[in-house]
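Numbering of ligands and ligand atoms starts at 1, following listing order.
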Amino acid sequence: AGSLPLAGKHVLITSGPTHEPIDPVRYIANRSSGKQGHALARAAYEAGARVTLVSGPVTLPDPANIHVIHVESASAMLKAVEGSLPADIAIMAAAVADWRVASEGAQKIKKDGTGKPPALELTENPDILATVGHHPDLRPRLLIGFAAETQNLIDNARGKLERKKADWIIANDVSPQTGIMGGDANTIRVVSRDGVEDWPEMDKGEVARRIIARAAEALGAD
Ligand code: C5P
């Protein structure tokens, strides 16, 4: 407790999008900025924790005093996360691509002159949160996931809580009109086995500080 409630604790955070290569010059990506994940890493450090931040490609600077591991693809993110365990708290804020191209082209794919576009075969990526949630011996005491949705926010979040064995899912509506993805503010709903809490719109830094304060409390309580 006190002003450094996470002193002596290791907090592992994922942030940003992943890039899934198509060929040496192209990739599949998403609109995640990494702002919320990076803010969580800073807040955890300010609460006294040792912090590991596994970040996909973002334009944000590395936060000071934090061990940052830079990755591009979901597979590399999973490896970095597994290699960073054990952790007391893990917060998976990255917007991991659900799919990658089944076989990455060794050379740049060229138009073949027929006017027929190439078909990209996709394959599912490993689920990092679920892998950590089901870890036989290194599951963090508190495991938090995010759920960015454009519909059925709470039902989807509850499903993820169970399937991925998370303790909390931070659900947010990323429909374009909310401005959340890439923006500075966030409106979240905290879904746990105790129910759903609606938080008012806040700056992503404030959201991060409150999630970290809540996480420190939860660790202290069990
Ligand atoms: O299923 P969905 O992608 O919406 O789940 C979101 C949560 O799961 C986030 O916490 C995200 O970081 C995590 N996730 C993951 N690995 C994936 C897909 C999602 O860790 N391949």
Going by distance alone, is a donor N or O of one side chain under 3.5 Å from an acceptor N or O of the other, for Gln36 and Asn186?
yes
Can you tell me how far the CD atom of Glu201 sits from the OG1 atom of Thr178, to the nearest 0.5 Å?
9.5 Å
Not counting sequence neighbours, which residues clear ring pair (Phe, Tyr, Trp, His ring centres under 6.0 Å) with His19? List them please.
Tyr27
N/O to N/O under 3.5 Å, ligand 1 against protein:
| from | atom 1 | to | atom 2 | distance (Å) |
| --- | --- | --- | --- | --- |
| ligand 1 | 1 (O) | Lys164 | NZ | 2.9 |
| ligand 1 | 4 (O) | Lys160 | NZ | 2.4 |
| ligand 1 | 5 (O) | Lys164 | NZ | 2.9 |
| ligand 1 | 8 (O) | Lys164 | NZ | 3.1 |
| ligand 1 | 10 (O) | Met92 | O | 2.6 |
| ligand 1 | 10 (O) | Phe146 | N | 2.7 |
| ligand 1 | 10 (O) | Phe146 | O | 3.3 |
| ligand 1 | 12 (O) | Met92 | O | 3.2 |
| ligand 1 | 12 (O) | Ala94 | O | 2.7 |
| ligand 1 | 16 (N) | Ile128 | N | 2.9 |
| ligand 1 | 20 (O) | Ile128 | N | 3.3 |
| ligand 1 | 20 (O) | Leu129 | N | 2.7 |
| ligand 1 | 21 (N) | Pro126 | O | 2.8 |

Any luck finding a side-chain donor-acceptor pair between His38 and Asp62 under 3.5 Å?
no
Is it the case that the side chains of Asp98 and Asn125 hold a donor-acceptor pair, with the cut-off being a distance below 3.5 Å and no angle test?
no
Quick one: do Glu20 and Arg26 make a salt bridge, cutoff under 4.0 Å?
no
